[in-house]
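Presented below is the structure to which this report refers.
First listed ligand is number 1; within each ligand, the first listed atom is number 1. Computed from a prediction, not measured in an experiment: that's the story for all the values here.
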Amino acid sequence: AVTKRVTCATGQTTANAACCVLFPVLDDIQENLFDGGECGEEVHESLRLTFHDAIGFSPTKAIFTDIFNAGGGGADGSVITFDDPETSFPANLGIDDIIDAQKPIIARHNITPGDFVQFAGAVGVSNCPGAPRLEFLLGRPVAKAASPIGLVPEPFDTITDVLARFAEVNFSPPEVVALLASHTIAAADHVDESIPGTPFDSTPGIFDTQLFIEMQLRGVLFPGDGSNPGQVESPLEGIIRLNTDATLARDDRTSCTWQSFVNNQAKMQTEFRAAMAKMAIIGHSRANMIDCSDVIPVPKPVVGKAHLPAGKSMHDIEQACATAAFPTLTADPGPQTSVPAVPPS
Ligand code: HEM
Ligand SMILES: [Ca+2]
Ligand SMILES: [Mn+2]
């Protein structure tokens, strides 16, 4: 079958005329939020924001739902519309920066905050070599109320609590692990305030499987001012490690899924894309939305090969999965190095 396409007033083509409004938003985002199409700090923070908005949904709390939408609306842009109080929730520390950067762009266009948050995340991810081209569905109404506090997982939570929180929004343990591929393009500003911009893997500008590889290395040092809540020892200078990531990589319920992404770019892409597609419409019904995925740019292929960081060997891998061996990888040549911070912009 031949798909009918429409040509927008701005010249681009898309499957649905309703998606035409997104092209000017796309240009504005790339130019003014992502510094001309980079995979840097604002992309990382925009991706984090998609999660902190979407996870604000609780069927349990919604038992008490009244006209105020007490269980939260999921991916509804409430982090923007109700940034007071949501930016004051402890788990949301630092998201005010990207909200402040996104708000004026939203104001320039005819788009709801809920659609914008997920659109900016999908566009941002497309700037990172190796990323899948994420789905984007249009049609989130403006939020009616703030999310309840306490729905965003924290790095000091137990895996039992993390899996229970995600189960509440219908995510399985393998889907949780797939979502954590996001931490391959990530850095922390507030886990250790003495070392802002410290990445979770050695390649925070590339959507590769290094996060899954490096998380399995033995932790040997704290990169900054020592142990902070939710932080555990890192394998290398310049990398910061979250307790939840380290534990997901080692827990019986999740370690084999974690390991399955090591040097398997295609599996990681497919499963991250599927989990993100689900996350982006928490609180909504797919049937009521318009598929505008063809507006999202096609990401470039991954840069580099799966490897151990220089100075490491397979002896530094803490095998956790009981049913399959960690894939054999070779180390980059040369002496051990320190990973540079993600520059603020
Ligand atoms: C167990 C679940 C999770 C926990 C406990 C967690 C925790 C954290 C923490 C503590 C930070 C550092 C924030 C800072 O100090 O600046 C962070 C960063 C980040 N998270 Fe997560 N996260 C989780 C799941 C996710 C998910 C599902 C996504 C997206 C799909 C995500 C995307 C990101 C990104 C992209 C960053 C980097 C932000 C930046 O570089 O500025 N996280 N996460
Ligand atoms: Ca990476
Ligand atoms: Mn940041």
Side-chain angles (χ1 to χ4, degrees), residues 39-55 75 90-98 101 117-118 121-122 124-125 128-131 134 151-166 169 171 173 175-193 195-215 224 228-231 239-249 251 254 261 265 268 272-273 275-280 282 302-304 306-307 309 339 341-345:
C39 176
E41 160 85 347
E42 290 84 2
V43 165
H44 303 170
E45 294 195 336
S46 293
L47 176 57
R48 182 181 180 220
L49 195 64
T50 67
F51 171 51
H52 288 232
D53 192 34
I55 198 74
N92 286 341
L93 191 61
I95 66 165
D96 54 328
D97 285 353
I98 195 67
V117 166
Q118 299 303 323
V125 165
C128 306
L134 294 182
L151 299 182
V152 181
E154 300 244 46
F156 44 78
D157 291 347
T158 65
I159 296 308
T160 298
D161 286 350
V162 168
L163 295 180
R165 177 75 271 273
F166 275 102
V169 287
F171 280 71
E175 288 174 321
V176 173
V177 176
L179 284 178
L180 262 316
S182 56
H183 284 178
T184 187
I185 50 166
D189 291 327
H190 301 285
V191 175
D192 181 339
E193 306 266 0
I195 47 168
T198 302
F200 293 149
D201 77 358
S202 59
T203 53
I206 306 173
F207 203 100
D208 55 14
T209 72
Q210 287 304 120
L211 188 268
F212 294 104
I213 296 169
E214 294 166 19
M215 198 59 64
N228 294 279
Q231 186 188 3
I239 285 182
I240 195 162
R241 184 178 273 184
L242 299 182
N243 166 64
T244 37
D245 286 351
T247 317
L248 284 165
D251 190 281
T254 47
F261 293 129
Q265 188 75 20
M268 178 183 64
F272 177 68
R273 184 181 196 278
M276 284 296 290
K278 213 172 138 178
M279 190 183 88
I282 291 176
V302 71
V303 174
H307 62 274
V339 178
V342 175
S345 34

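- The contact set between ligand 1 and Met276, taken as ligand atoms under 4.0 Å from a residue heavy atom, comprises 30 (C).
- Looking at Pro153, Ala91, Pro196 and measuring to atom 4 (C) of ligand 1, the nearest heavy atom belongs to Pro153.
- For Asp201, the N, O or S atom with the smallest separation from the Ca ion (ligand 2) is OD2.
- When each atom of ligand 1 is checked for a heavy atom of His190 under 4.0 Å away, the hits are 14 (C), 15 (O), 16 (O).
- Atoms CG and CZ, on Leu134 and Arg273 in that order, are 7.0 Å from each other to the nearest 0.5 Å.
- Nearest heavy-atom pair across Ala91 and Pro153 is CB-O, 4.4 Å.
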Please lay out, stage by stage, how Phe272 and Phe207 fare under the test ring-ring contact (aromatic ring centres under 6.0 Å, His included).
CA-CA 11 Å; Phe272 177 68; Phe207 203 100; 4.9 Å; yes
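- Atom numbering of ligand 1 starts at 1 in the shown order; those under 4.0 Å from a heavy atom of Leu179 are 27 (C), 30 (C).
- For Val176, no heavy-atom contact with ligand 1 is shorter than 4.0 Å.
- Using a 30° and 60° split on the angle between ring planes, Phe200 and His183 fall in the tilted class, from 30° to 60°.
- Comparing Pro229, Ala280, Ala275, Ala188 by heavy-atom distance to atom 12 (C) of ligand 1, the nearest is Ala188.
- Within Asp208, the N/O/S atom positioned nearest the Ca ion (ligand 2) carries the name OD1.
- Close contacts of ligand 1 with Glu45, meaning ligand atoms under 4.0 Å from a residue heavy atom, involve 39 (C), 41 (O).
- When only interatomic distances are considered, the shortest N/O to N/O separation between Glu154 and ligand 1 does not fall below 3.5 Å.
- Among the atoms of Ser202, none of the N, O or S atoms falls under 3.0 Å from the Ca ion (ligand 2).
- In summary, the atoms of ligand 1 found under 4.0 Å from a heavy atom of Ala186, numbered by their order in the structure, are 34 (C), 36 (C), 37 (C), 40 (O).
- There is a side-chain donor-acceptor pair under 3.5 Å between Thr184 and Asp208.
- Within ligand 1, counting atoms from 1 as listed, the ones closer than 4.0 Å to a heavy atom of Val191 are 10 (C), 15 (O).
- To the nearest 0.5 angstrom, Asn228 atom CG is 4.5 Å from Asp192 atom CG.
- Side chains of Asn243 and Thr247: a donor-acceptor N/O pair is present below 3.5 angstrom, by distance only.
- Contacts with ligand 1 closer than 4.0 Å are made by side-chain heavy atoms of Thr244 only, the backbone lying farther away.
- Ligand 1 places these atoms under 4.0 Å from at least one heavy atom of Val162: 1 (C).
- When each of Val169, Val162, Asp161, Leu163 is tested with Arg165 by the rule side chain to side chain contact (heavy atoms under 4.5 Å, CB included), just one qualifies, namely Val169.
- Contact annotation: Ile206 places an N, O or S atom under 3.0 Å from the Ca ion (ligand 2).
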Quick one: do Lys278 and Glu175 satisfy side-chain contact (heavy atoms from CB on, under 4.5 Å)? Show the steps, please.
CA-CA 10 Å; Lys278 213 172 138 178; Glu175 288 174 321; 2.9 Å; yes
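- Under the 4.0 angstrom criterion for non-hydrogen atoms, Pro155 is in contact with ligand 1.
- Ligand 1 has no N or O atom lying under 3.5 Å from any N or O atom of Arg48, backbone or side chain.
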Output, in order, the C-alpha distance, side-chain angles, deciding distance and verdict of side-chain contact (heavy atoms from CB on, under 4.5 Å) for Met276 and Leu179.
CA-CA 7 Å; Met276 284 296 290; Leu179 284 178; 3.8 Å; yes
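- The residue among Ser46, Ala54, Ala187 with a heavy atom at the shortest distance from atom 39 (C) of ligand 1 is Ala187.
- With ligand atoms numbered from 1 in the order given, ligand 1 contributes 24 (C) to contacts under 4.0 Å with heavy atoms of Leu180.
- A donor-acceptor pair shorter than 3.5 Å can be found between the side chains of Glu214 and Ser202.
- Among residues two or more places apart in sequence or in another chain, the side-chain contact (heavy atoms from CB on, under 4.5 Å) test is passed with Ala101 by Leu33, Ile98.
- Within the coordination shell of the Ca ion (ligand 2), defined by N, O or S atoms under 3.0 Å, Thr203 is present.
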Check step by step if side-chain contact (heavy atoms from CB on, under 4.5 Å) holds for Ile95 and Glu45.
CA-CA 7 Å; Ile95 66 165; Glu45 294 195 336; over 6 Å; no
